[in-house]
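First up is the structure itself, then whatever we jot down about it.
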Amino acid sequence: MGGSEEKFVKQAFDSNWIAPLGPLVDGFEQDLADYLGDEVYVAVLSSGTAAVHLGLIILGVKPGDEVICQDLTFSASANPVVYQGATPVFVDSEPDTWNMSPAYLEEAIVDRLRKGKKPKAIVPVHLYGMPAKMDEIRSIAAHYGIPVLEDAAEALGSGIGEQKCGTLGDMGVISFNGNKIITTSGGGALISSSRDIIEQARYLATQAKDAGPHYQHSSIGYNYRLSNVCAGIGRGQMEVLPERLARRRSIFENYVRELGLIEGMSFLHELPGYYSNRWLTTILIDPALSDGVTSTDLRLALERENIESRPIWKPMHLQPIYQNAPYYGNGTGEFLFNSGLCLPSGSSMTDEDLQRVTEVIAAVWKHQPVPVTV
Ligand SMILES: *Cc1c(COP(=O)(O)O)cnc(C)c1O
């Protein structure tokens, strides 16, 4: 927590506005809308997963439909497709951003159309905070007339040019889960430039109660709204978001400086105009160049020092739950899964923590001198 979260939560308690809704929910939505840009509307929800689900419902995804999803992602990107009784069609990543490959996206759309089914939506992801190639994805989507639901769960603060992630599709999703760059303990948001869409999301998220004094429902609703208490935490977190971004980015730069000269290890750099929140710093190890050291060797070396690192997300088409889903790609996601590693990247890491991590990693290459900072 940053500091003023307690002040906002106390406001909720003092006013006895606990849930559902309340002035802090409105305030948090406004904070996010102001941060994300002009003409942006936001509905804060109980989770990022709920935001993906409502986005798909609003796009009219129904049983039997197909939705194009990124193959290399966290399962919560794709699971809501199944909640709707629809089928995810997985598209591989490209190596520049680790996100949805525009070439395989187009191949997938053409093939699904040939098989007689037009995908209802495209769900690209900005993995680890790195923006996907949204210009290309959007122009393919526009060409075939398919809406884009952008999973920016990991990418609050990232952007391309002047535009923030979450505002690059027809709708965007952000998560405030405990592991994300800011947290409300659990929560998410649906973002759109259409006020209608966001009003629809708020209606569906509060059990779809029709206007009027009695309980009347003409749609199936959900209990997906964020509580006023959690929104208070969110308002406090928005104040420290710029600091969090700066720290995550400096952690990435520190790793590059300290480890960037190691043969066979590489970092994911930003394309021109791209800005990553560097939610997690990821590396790739090429064992052909790394003296046989693998990403698993590094993970285990860190574990022996009680330092947690994590494998890259396991591609969806390799998951038992999705083994029969269609997949378009050439195994790039699988290569990244096998060769990559997420390094410790929490905003609260101290410089001493960082030094300890880099020393443990560098020591795996015993006969290789540790690069010295100039
Ligand atoms: C965290 C995450 C989600 C889900 O968000 P929750 O708030 O945890 O439900 C969806 N997609 C991606 C890529 C995520 O990392």
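A quick note: this is a predicted structure, and the numbers were derived from the prediction, not measured. For reference, positions follow the sequence shown, starting with 1. One-based numbering, in listed order, for ligands and for the atoms of each.
Where the criterion is an N or O separation shorter than 3.5 Å, residue side chain and backbone included, Ser175 meets it with respect to ligand 1. For Gly48, a nitrogen or oxygen atom sits less than 3.5 Å from a nitrogen or oxygen atom of ligand 1, counting backbone and side chain alike.
Atoms of ligand 1 found under 4.0 Å from any heavy atom of Ser77, numbered from 1 in the order shown, are 11 (N), 13 (C). Under a 4.0 Å criterion applied to the non-hydrogen atoms of Thr73, ligand 1 contributes the atoms 13 (C). Those atoms of ligand 1 that come under 4.0 Å of a heavy atom in Ser47, given as number and element, are 7 (O), 9 (O). In summary, the atoms of ligand 1 found under 4.0 Å from a heavy atom of Gly187, numbered by their order in the structure, are 7 (O). The contact set between ligand 1 and Val125, taken as ligand atoms under 4.0 Å from a residue heavy atom, comprises 13 (C).
Taking the six-membered ring where tryptophan is involved, the planes of Tyr327 and His317 are essentially parallel, since the angle between them stays under 30° and well short of 60°.
What sits closest to atom 9 (O) of ligand 1 on the protein, heavy atoms only, is Thr49 OG1, 2.5 Å. Here the heavy atom of the protein found nearest to atom 11 (N) of ligand 1 is Asp151 OD2, 2.7 Å. Atom 15 (O) of ligand 1 has Glu154 OE2, 2.5 Å as its closest protein atom, hydrogens excluded (heavy atom only). Atom 8 (O) of ligand 1 has Asn177 ND2, 3.4 Å as its closest protein atom, hydrogens excluded (heavy atom only). The single protein non-hydrogen atom nearest to atom 2 (C) of ligand 1 is Lys180 NZ, 3.0 Å, given as residue, atom name and distance.
Side chains of Tyr274 and Ser158 form no contact here, defined as non-hydrogen atoms less than 4.5 Å apart. Taking 4.5 Å as the limit, some side-chain heavy atom of His53 sits within range of a side-chain heavy atom of Gln84.
Heavy-atom proximity to atom 14 (C) of ligand 1, evaluated over Ser46, Ala76, Ala153, is greatest for Ala153.
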Between Tyr328 and Asp111, is the side-chain hydrogen bond (donor to acceptor under 3.5 Å, both in side chains) condition met? List the steps.
CA-CA 10 Å; Tyr328 296 83; Asp111 193 52; 2.6 Å; yes

Intermediate values then yes/no, side-chain contact (heavy atoms from CB on, under 4.5 Å), Ile122 and Met100
CA-CA 10 Å; Ile122 301 168; Met100 189 177 278; 3.8 Å; yes

Ignoring hydrogens and angles, write down the donor-acceptor pairs under 3.5 Å from the side chains of residues 3-11, residues two or more places apart or on other chains.
residue : atom : partner : partner atom : Å
Ser4    : OG   : Glu239  : OE1          : 2.5
Glu5    : OE1  : Gly2    : N            : 3.0
Glu5    : OE1  : Gly3    : N            : 2.8
Glu5    : OE2  : Gly2    : N            : 2.8
Glu5    : OE2  : Gln237  : NE2          : 2.7
Lys10   : NZ   : Asp14   : OD2          : 2.8

Got a list of side-chain donor-acceptor pairs under 3.5 Å for residues 142-152, not counting sequence neighbours?
residue : atom : partner : partner atom : Å
Tyr144  : OH   : Glu106  : OE2          : 2.8
Glu150  : OE1  : Gly166  : N            : 3.2
Glu150  : OE1  : Thr167  : N            : 3.4
Glu150  : OE1  : Leu168  : N            : 2.9
Glu150  : OE1  : Gly169  : N            : 3.2
Glu150  : OE2  : His126  : NE2          : 2.7
Glu150  : OE2  : Gly166  : N            : 2.7
Asp151  : OD1  : Ala153  : N            : 3.0
Asp151  : OD2  : Ser77   : OG           : 2.5

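Each of Thr97, Asn99, Asp96 was evaluated against Lys133; a single residue qualifies, Asp96, per the side-chain hydrogen bond (donor to acceptor under 3.5 Å, both in side chains) test.
Looking at Ser347 and Arg248, their side chains do bring a donor and an acceptor atom within 3.5 Å of each other.
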